Structure formats: structure tokens, C-alpha cells
Amino acid sequence: MPRRVVIDRRMTELLRDDESGIARAAGLLREGALVAFGTETVYGLGADATNAAAVAGIFAAKGRPRFNPLICHYDSAEAAFRDVIADDRALVLAAALWPGPLTLVLPRRPDCPIALLTGAGLDTQAVRVPAHASALALLRAVGRPVAAPSANLSGQVSPTTAQHVLRGLGGRIAAVLDSGPCSVGVESTVLDLSGPDAVLLRPGGATVEAIEALIGPVLLGSTPGAALRSPGMLASHYAPSLPVRLNAETVTEDEALLAFGPALPGAGAVFQLSETSDLTEAAARLFEGLRVLDGAGMRGIAAMPVPYVGLGLAINDRLERAAAPREV
Ligand code: AMP
Ligand code: MG
């Protein structure tokens with residue numbers, strides 16, 4: 001009988017990065033628990049990227065007030081490019097700079113198994129292969145993409161030791177795989193290759209010079225034209241095309257209802273975020289719900305109120321952006 005894992009544990013296991021520690025960490029990740037692990041850049045807070053509820057747990061544990069897109073980590077470029085579409089630039093960069101501190105933003109494949117929440121509902125997904133022996137061993141043992149932002153509470157600095165992670169997230173996550181201090185200590189460079197121009201979204205461990213030597217000029221995220229694709233803006237980009245009405249207390253038959261708790265009667269279409277008003281379940285289903293209702297052939301989307309506690313903050317942030325007047 002496999003041991004039952006209590007995900008909501010008080011204690012956070014501190015695991016050595018030996019064979020048994022890595023096996024334990026991989027088992028926890030496969031069961032949907034959160035495990036922090038060292039990479040060459042900073043410690044990441046990992047979750048199975050194909051499990052939306054586990055990914056929602058990342059946002060809850062970090063206390064992140066919004067859903068920004070997360071990077072998926074892989075043990076090889078081949079594994080990464082099974083989930084996203086690599087063009088020639090991506091193949092060249094991956095061959096030269098992976099494993100390493102370079103993250104590539106690429107279009108999701110139609111059959112991409114990564115949860116929509118991982119990429120904040122976008123059609124693109126950020127992917128990376130870390131240059132770190134125990135991170136690679138862990139990813140190999142998990143056998144699935146692992147979503148991992150930095151393993152700190154929202155608003156605090158990125159951790160570069162297991163002790164930093166425990167100080168912020170101890171008691172909130174299942175385990176930390178201790179592989180000692182990180183060697184690079186700064187985050188990965190994020191490069192958007194989803195359009196014709198390569199756009200630098202975040203400077204980091206891989207230099208622009210090294211990237212340009214391989215694929216030619218890179219636009220900086222701050223240059224005009226590239227501005228719309230800068231991370232902050234992109235994180236807010238996915239919005240349904242239908243108008244969204246917040247805090248609905250009634251609904252009409254030409255509206256699609258995004259329900260939270262017992263659904264209001266009378267809607268033309270309903271997507272239930274969580275019958276039992278569970279915020280983690282609702283977060284996990286939010287982007288799928290917006291997409292489904294957007295395509296339901298109704299006049300607009302009416303969203304039932306979601307409380308402003310825990311993950312409710314990030315859910316409301318996204319709904320408010322979806323309801324705000326469009327910039328373009
Ligand atoms: P972190 O997970 O904290 O290392 O941050 C990841 C960085 O990558 C953030 O700046 C994100 O906004 C950016 N990012 C991740 N995925 C995407 C994406 N699909 N499109 C644009 N930026 C992304
Ligand atoms: Mg961070």
C-alpha cells in the first residue's frame with residue numbers, strides 16, 4: 001500500500017538530495033504536493049504542472065495576489081518540446097544554452113498536457129531545463145513538467161538556500177530538497193520566442209550577448225512594440241472576448257454564468273468553479289471556465305462573487321482584469 005500523504009501538513013520535510021531524498025521528493029510531487037528544490041538560479045517551489053489543483057497550491061502557499069504565468073522545468077529539451085512548439089531559434093538556443101539559466105516562451109502544442117493555470121491562461125508556456133544535477137535527477141524521477149516560481153512568500157526575496165525556503169514557507173509546503181546554496185543566485189533570463197521578434201522579458205543568468213550571438217538581435221521588453229509583451233502586461237493579457245459582469249446576484253438566459261457555490265438559476269450556460277466554494281478548486285478551474293463560457297454563444301459572462309481571502313485575491317484580480325474596459 002502506498003503511504004497516504006497529507007499535503008496540508010504542519011511540518012515541512014527537509015530532504016537530502018541523495019537517491020532516497022530525490023525519490024521521496026518526486027513521489028510527493030507526483031501526488032500533487034508542493035516541493036521546493038534547488039536549481040542553479042534560485043530555489044523553486046515545484047508542483048506537477050499538469051495538475052491544476054497542485055499549481056493552485058503554489059499561489060496559495062506563496063500568498064501571491066495574482067496569477068502570473070509560471071515556468072515549467074524539464075530534464076531535457078526533447079521533453080520540453082513535446083509540450084511547446086520549438087522553431088529554429090529555440091532549437092539553436094536549447095542546443096547551446098540548455099541545461100542553463102534561459103527560459104523560453106513558446107506556443108503551447110494543441111495537445112499540451114500542462115494545466116491552463118500554469119501559464120495563466122495564455123496560449124504560450126515558459127519552459128526551461130536547469131543546469132543542476134539534483135534538479136535534473138528530480139525532474140527525471142517525476143517524469144512530468146514541474147511548474148516552479150521562486151520558493152519565497154510573495155513580495156520577499158528569492159531564496160538561494162534551503163534554510164531561506166524554510167524561513168518563508170516552512171509549514172506551508174510538503175518538503176524542501178536541500179542541494180546546498182545556488183551557484184548563479186539570479187533568476188533565469190526569460191526570452192519570448194512566440195512571435196517573429198525575440199523579445200527579452202527578463203534579464204537573468206544567460207546574457208543577451210550570448211543569445212544574440214546565436215540567433216541575432218533581441219528586442220528589449222521595454223522597446224515600443226515589444227511593450228505589450230512585457231511580463232506584467234502579458235500576465236494580464238488573457239481576457240475573454242465577451243463582456244464580464246462581476247458580483248452577479250441574478251443572471252439572465254442570454255448570459256453565461258461563472259458559478260462559485262450553488263449556481264444562480266436562469267443562466268443560458270453555466271461553468272461551476274466550485275460547488276462547495278473551495279478556493280483552490282476554483283483557482284484550478286478559472287481559466288478553463290473563462291474559455292468555455294467565452295465560447296458558449298451568450299451575450300456576456302456573469303461572475304458570482306468570490307470572497308477576498310486566500311486564493312480569492314488572485315481569482316478576483318483576474319476577474320477584475322477580465323471585466324475592465326479593454327485597452328485596445
Ligand atoms: P518566476 O516564476 O518568479 O521565476 O517568474 C517567471 C517569469 O517569467 C515572470 O516574469 C513571468 O511573467 C514570465 N513568464 C512566464 N511565462 C510567461 C509567458 N507565457 N509569457 C510571458 N512571460 C512569461
Ligand atoms: Mg519570484
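Everything numeric in this text was worked out from a predicted model, so none of it was measured. Note that ligands are numbered from 1 as they come in the structure, with each ligand's atoms numbered from 1 the same way.
- Put simply, S150 gets within reach of the Mg ion (ligand 2), with an N, O or S atom under 2.8 Å from it.
- T41 and S188 form no side-chain donor-acceptor contact under 3.5 Å, judged by distance and modelled atom types alone.
- The two residues A61 and L34 make their nearest non-hydrogen contact at CB-CD1, 3.7 Å.
- One option in G119, P69, G44 has a heavy atom closer to atom 14 (N) of ligand 1 than any other, and that option is P69.
- Not a single heavy atom of R108 sits closer than 4.0 Å to an atom of ligand 1.
- Listed by number with element, the atoms of ligand 1 under 4.0 angstrom from any heavy atom of T124 are 18 (C), 19 (N), 20 (N).
- Using a cut-off of 4.0 Å between Lys/Arg side-chain N and Asp/Glu carboxylate O, E40 and R128 are scored as salt-bridged.
- For the residue pair D278 / T276, no side-chain donor-acceptor distance below 3.5 Å is found, with atom types taken as modelled.
- Proximity of N68 to ligand 1 is not established, as no heavy-atom distance is less than 4.0 Å.
- One finds a salt bridge joining R291 and D123 here, because a Lys/Arg side-chain nitrogen approaches an Asp/Glu carboxylate oxygen to under 4.0 Å.
- Less than 4.0 angstrom separates some heavy atom of I71 from each of these atoms of ligand 1: 4 (O), 6 (C).
- Listed by number with element, the atoms of ligand 1 under 4.0 Å from a non-hydrogen atom of L201 are 21 (C), 22 (N).
- Every atom of ligand 1 with a heavy atom of R64 under 4.0 Å away is listed here by number and element: 3 (O).
- Among V129, L193, L97, the one residue that satisfies the side-chain contact (heavy atoms from CB on, under 4.5 Å) test with L104 is L193.
- Of the polar atoms of R202, at least one N or O is found under 3.5 Å from an N or O of ligand 1, judged by distance alone.
- Using modelled atom types, no side-chain atom of T124 and backbone atom of S194 make a donor-acceptor pair closer than 3.5 Å.
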